[in-house]
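Let me begin by presenting the structure, written as structure tokens, before commenting on it.
Note that the structure is a prediction, hence the values are computed from the model and not measured. As a basis for the values below, the full set of heavy atoms in this structure was taken, side chains included, without hydrogen atoms, waters or symmetry mates.
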Amino acid sequence: MTARRTVDNAEDAGATSAPARVGYGALLRTPGAWTFLVPAFVARLPYAMLSMGILLLVKDTHGSYGTAGTVTAVAAVSQALIGPQTGRLADRYGQATVLVPTVLVHALSVGVLIALALGHAPAWSLFLAAVPAGASVPQIGAMVRARWVATFGAEGASATSAAKVSTAFAFESVTDEFTFVVGPIVAAKIATSVNPSASLIAEAALTLVGGLVFATQRRTAPARITPRPGARRASALSSPGVRLLAGVTLGVGAVFGGMQVSVNAFADSVGQHDASGTVYGIFAGGSMVAGVLYGVIAWRHAVQQRMIASYALLVLGCSTLWAMPNLVALSVAGLVCGLAIAPTLISGYTLVETLVEDGAKTEAFTWLTGAIGLGLAVGSMVAGQLIDANGPSAGFLVPVIGAGLGLVALVALRHLLVAPGGAVGAGGADGATAADAAPSEHAAARQLVGAAKG
């Protein structure tokens with residue numbers, strides 16, 4: 001999920017060649033790729049089913065959207081805060097060692113939540129049960145990204161291996177978008193066709209089976225990084241750049257959350273509730289298309305510049321949502337927003353990988369994934385309150401404010417997004433930051449895959 005690196009190397013007196021290009025076909029022909037991609041997809045689909053499943057079940061058993069929304073938010077916040085810790089443990093002890101107990105705890109926790117809801121237990125007990133259910137969601141997406149880095153890092157530091165990582169991250173972004181679109185639909189269909197508890201049962205079963213099969217694929221797993229005796233293992237969040245990326249990714253999550261609630265409310269207000277899925281699907285579909293295209297372009301601009309540009313497009317698109325007079329206009333504005341989502345996330349995941357050492361990559365990816373979930377939960381709640389007080393259009397203020405704050409932070413602190421030992425801008429000590437200059441081909445390759453050999 002990144003962009004292709006430019007082959008401009010100042011150290012080589014300006015010699016330039018075409019950026020490396022790797023297509024999706026070449027990526028998927030990587031030996032061993034399908035052995036972890038298939039179970040990973042099975043285990044990732046429930047990631048987007050959990051919130052919808054909890055919402056539908058608790059609403060059915062307790063008759064309150066307020067209670068259902070709060071239980072859902074508790075699970076999302078727990079996932080956002082605890083998920084990076086499981087990612088950190090996976091870096092240290094290996095993915096399988098962490099994943100197996102995690103999916104077992106998740107299945108048990110979801111089972112307890114279902115039993116409490118069906119038993120009409122007090123709301124506080126549902127809040128308590130939602131904590132382990134959310135905290136134990138396996139961080140499969142982060143683990144898959146770490147496997148891609150390890151796989152291509154073994155090929156050595158080159159422009160081609162760096163381009164493969166770029167294409168892999170784009171592929172993962174599209175997969176994330178697909179699961180976020182399909183997961184809630186699957187959960188809602190099961191809940192309405194069978195019963196509300198069935199969607200959560202399916203979520204737990206898919207997580208358990210997919211997670212356990214994924215854990216058996218040890219050959220493609222990253223090697224454990226054993227710290228030197230007496231060395232203190234730093235968290236990925238100790239990097240200022242990682243903290244910045246997590247913060248600006250919260251803004252992207254707020255766009256997701258604000259759009260979900262506000263689109264539904266707007267469609268209801270014009271008497272076309274059934275159209276809300278189509279409008280949101282256009283938004284998410286735009287992101288998927290942009291992600292696919294982004295992954296096959298050989299970019300000539302630095303990834304920092306690309307992230308700022310796509311984030312600015314996101315803010316521009318979100319700024320018009322509140323003024324849309326009908327669902328057709330809202331769909332067009334949502335499409336513009338969607339086109340910026342995947343490129344922004346692709347760039348973010350690319351950058352965060354270069355900012356941490358080998359033993360913290362899974363954790364770093366998980367902080368971004370958790371930030372999206374946390375931003376989504378907060379954005380949904382704030383948008384709901386604005387809608388209740390001021391009408392459906394007010395909810396669309398959440399995406400533009402969330403994304404706007406993220407853009408301000410990104411532009412003001414972009415100098416933090418330079419990997420240790422990365423390329424230095426032409427201005428050097430005179431004030432031009434490295435973020436303003438495209439890294440050389442060799443520097444990019446070193447940043448993306450050089451350390452992954454471990």
Side-chain angles (χ1 to χ4, degrees), residues 1 47-48 50-52 54-55 69-84 87 130 134-135 137 139 141-142 173 176-177 179-181 183-184 236-237 241-264 280 283-284 287 291 307 310-315 317-319 321 334 337-338 340-349 351-352 363-387 394-410 413:
M1 303 192 131
Y47 186 94
L50 182 63
S51 294
M52 180 65 76
I54 293 175
L55 184 69
T70 303
V71 175
T72 302
V74 169
V77 171
S78 299
Q79 178 182 338
L81 297 179
I82 304 300
V137 171
Q139 303 301 312
S173 178
D176 286 340
E177 290 289 345
T179 57
F180 271 107
V181 172
L237 211 57
V242 174
R243 294 198 297 271
L244 172 61
L245 288 172
V248 299
T249 306
L250 276 171
V252 179
V255 174
F256 280 119
M259 285 290 289
Q260 285 183 357
V261 176
S262 302
V263 166
N264 276 281
Y280 191 79
F283 163 72
S287 180
M307 186 172 188
S310 60
Y311 215 125
L313 177 61
L314 178 61
V315 174
C318 290
S319 68
L321 293 170
C337 294
I341 291 285
T344 299
L345 294 179
I346 292 169
S347 300
Y349 279 108
L351 285 168
V352 80
E363 180 196 350
F365 294 141
T366 308
W367 276 115
L368 296 199
T369 303
I372 295 172
L374 184 58
L376 191 154
V378 174
S380 298
M381 289 190 292
V382 174
Q385 292 173 353
L386 289 174
I387 290 168
F396 289 116
L397 293 176
V398 171
V400 66
I401 292 174
L405 292 174
L407 179 61
V408 170
L410 183 62
L413 301 174

I need the minimum non-hydrogen distance between [X] and [Y], along with the two atoms involved.
X: V263; Y: F396; value: N-CZ, 4.0 Å
X: T366; Y: A142; value: OG1-CB, 3.2 Å
X: A254; Y: G402; value: CB-CA, 4.3 Å
X: G317; Y: C337; value: C-SG, 3.2 Å
X: A383; Y: G258; value: CB-CA, 4.1 Å
X: C318; Y: P399; value: SG-CB, 3.8 Å

To the nearest 0.5 Å, what is the distance between [atom1] ([X]) and [atom2] ([Y])?
X: I387; Y: L397; atom1: CD1; atom2: CG; answer: 10.0 Å
X: L410; Y: T344; atom1: CG; atom2: OG1; answer: 8.5 Å
X: L368; Y: L250; atom1: CG; atom2: CG; answer: 10.0 Å
X: T369; Y: L345; atom1: OG1; atom2: CG; answer: 9.0 Å
X: L376; Y: M259; atom1: CG; atom2: CE; answer: 12.0 Å

Side-chain heavy atoms of Y311 within contact of V252, under 4.5 Å: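 Sidechains of V252 and Y311: in contact.
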
query: Is the shortest heavy-atom distance from the side chain of Y349 to the side chain of L245 under 4.5 Å?
result: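 They are not in contact (no side-chain heavy atoms under 4.5 Å apart), so the answer is no.
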
- prompt: Sequence neighbours excluded, which residues qualify as ring-ring contact (aromatic ring centres under 6.0 Å, His included) partners of F365?
  reply: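 Result, ring-ring contact (aromatic ring centres under 6.0 Å, His included) vs F365: F169.
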
task: Please assess T249 against W367 for the test side chain to side chain contact (heavy atoms under 4.5 Å, CB included), listing each intermediate value before the final yes or no.
output: CA-CA 9 Å; T249 306; W367 276 115; over 6 Å; no

Under 3.5 Å, side-chain donor or acceptor atoms of residues 73-83 against the rest of the protein: list the pairs with distances, not counting sequence neighbours.
unit_1 : atom_1 : unit_2 : atom_2 : d
S78    : OG     : V74    : O      : 2.8
Q79    : NE2    : Y47    : OH     : 2.7

